[in-house]
Amino acid sequence: MQGYRAQLLRFSSDGQALYESDGLLVVAPDTVGLRKVVDAGPYGAVAARHPGLQVTHWPGRIIAPGFVDLHLHYPQLDIIGAPADGLLPWLANYTFPAEARFADPAHAAEVAAFFFDELARNGVTTALTFPTSHPASVDAFFAEAGRRGLRMISGKVLQDRHSPDGVRDETEQSLVDSEALIRRWHGKGRLGYAITPRFAPASSEAQLRGAGELAARYPGTWIQSHVAENRDEVRWVRELFPRARSYLSVYEGFGLLRPRAVYAHCIHFDGEDRALMRATGTAAAVSPTSNLFLGSGFFDYGAAREAGMLHGLASDVGGGTSFSPFHTMLAAYYVGRESMSKPGLSLAPGELWWSHTGGAARALGLEGVIGTLQPGTEADFVVLDPGATPLLARKSARAGSLDELLFGLIVLGDDRAVERVVTA
Ligand code: GUN
Ligand code: ZN
C-alpha cells in the first residue's frame, strides 16, 4: 500500500469535481498486481485510517485522474499541421501517403514508441486509437502499450474501397485479420480491441456487414469510426447510401451502433441522429482542435446535452493540432461558446475536465474502471505543477476558487504542467 499526498482533484460518479487542498490518495495492488485506489480524501482523515502508511509528498502539486483521449490516430503524428481545403483532400494528399508506410513493422514500432512517450508527456493514460489498415500497425501498437502496462484500445482500420493502393485492404482478408487480432489482443492485460471501419465511404457494404457481425460476436469489443464531420463527406455518403435516412443511420443498418461504439465528430447531425445515439448507447468523440483546423464545423454541445447523448473529448491527432488535453479543453470551450447560444451559457472548467477524464471513461463503458480516482478504480493519475510557467504560477497563486484554478490550467497549461504520470 502506498500513499500520495498533494492537492487532490477527483470526480464523483456523476461528474462533480471534488477537490482537497491537502489530499491523500491511497493505492494498493489487487489480486493480479494492478494498482487500484483504495481510499482518497482530506489528508488528516485518510491518513488516520491507514496507520504506518508510506507517503510520497508532492507539495504544491495537484494529483488528478489521467486524461482519457476518445479518438486519435497514432500513425498521423507526422502529419499534424498539414494544411488542406478540407477533410477529403487532406486524406488524399497527406493522410493516406503517411499511413501507407505502416506496412513496415519497423516504422510502425518506431512511431508507436514515440506516440506513447508523447501521450505520457501530456498526461494521457488511456486512448481509443486508430492505427492503419496494416495488421503490423496494430501489433506494434499493442506490443508497446502492453510493455508499458497501459489501458489502451485500438484495432485494424477497415477500408476496402475509395482508398489508394498501399492502404486499401481486401474485404474477406480484412475481416479474417480483424478476428485474429481480436483473439490475439482483446482483454490481454489492460488492452482492448476496437472494430474499426474507417468511415462509411471507405468500406463496401460487405465489409460493414462483416464488421457488424464481429461486433455482435465479440460484445466486449469497442467500435470506432467517423461520422458527419464534413459537408462534402456527408454529401458523398448520401450518394453512396441513397436509402439511408442519414449518415449515422448507415452504421445503424449494419449493427455498428451500440454501447462501446465511439464515433468521432458528430457535427452535421439532426435531432433524430442524436436520439439514435442516445437510444443505442453510442458515444461521440468531440474533437474541437481538428474541427477548427480542418474547417469541419462546430459540435453542438447544447443539443447533445439536451438529447442526453454520451460524449467526451478527443485530440484527433493528426487532424487535431495537439496531444495536449489542455489545448483540447480550451478549444472545446471556444466551440461551446459558439454552439451554446443562451447568454452566459458555456462549458464550465469542471465540465471540460470531466469530459476528458471520467466523462470520457463513461463514454467508453469504463465507468468505475478509470477516470475519477474513486476507490476501486485503477490508479492512473497525473501530477500537475500549477506553477510550471511564470504566468501560470502567477495565475494559480491568485485563484480564489477551484473553477479559477482549473480554468487557469486549461487556458495556460500544456505539457510543461504535467510533471509526472503514474499508471496502475
Ligand atoms: N475520416 C476518415 N478518415 C479520417 C481521418 O483519418 N481523420 C479524420 N479527421 N476524419 C477521417
Ligand atoms: Zn479521426
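Nothing here was measured: the structure is a model prediction, and the numbers come from that model. Counting convention: from 1, in listed order, for ligands and their atoms alike.
No donor-acceptor contact under 3.5 angstrom links the side chains of Asp415 and Ser324, judged on distance only.
At a threshold of 2.8 Å, the Zn ion (ligand 2) has a backbone or side-chain N, O or S atom of His226 nearer than that distance.
Draw a line from the Zn ion (ligand 2) to OD1 of Asp316 and another to NE2 of His71, and the angle between them is 90° (to 10°).
Under a 3.5 Å cut-off, the side chain of Ser133 and the backbone N or O of Val167 do form a donor-acceptor pair. Side chain of Ser203 to backbone of Ala200: no donor-acceptor contact under 3.5 angstrom is found. Looking at His268, its side chain does come within 3.5 Å of a backbone N or O of Ser296 through a donor-acceptor pair.
Sorted by chain and number, the heavy-atom contacts of ligand 1 below 4.0 Å come from His73, Gln76, Leu87, Trp90, Leu91, Arg198, Phe199, His226, Glu229, His265, Asp316.
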Intermediate values then yes/no, ring-ring contact (aromatic ring centres under 6.0 Å, His included), Tyr193 and Trp222: CA-CA 6 Å; Tyr193 194 87; Trp222 282 264; 9.8 Å; no
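Counting non-hydrogen atoms of neighbouring residues, nucleotides and ligands closer than 6.0 angstrom, the CG atom of Asp85 reaches no more than 12 such neighbours.
Nearest N/O/S atom of His73 relative to the Zn ion (ligand 2): this is NE2.
The residues Glu144 and Arg148 are annotated as salt-bridged, a charged nitrogen and a carboxylate oxygen being separated by less than 4.0 angstrom.
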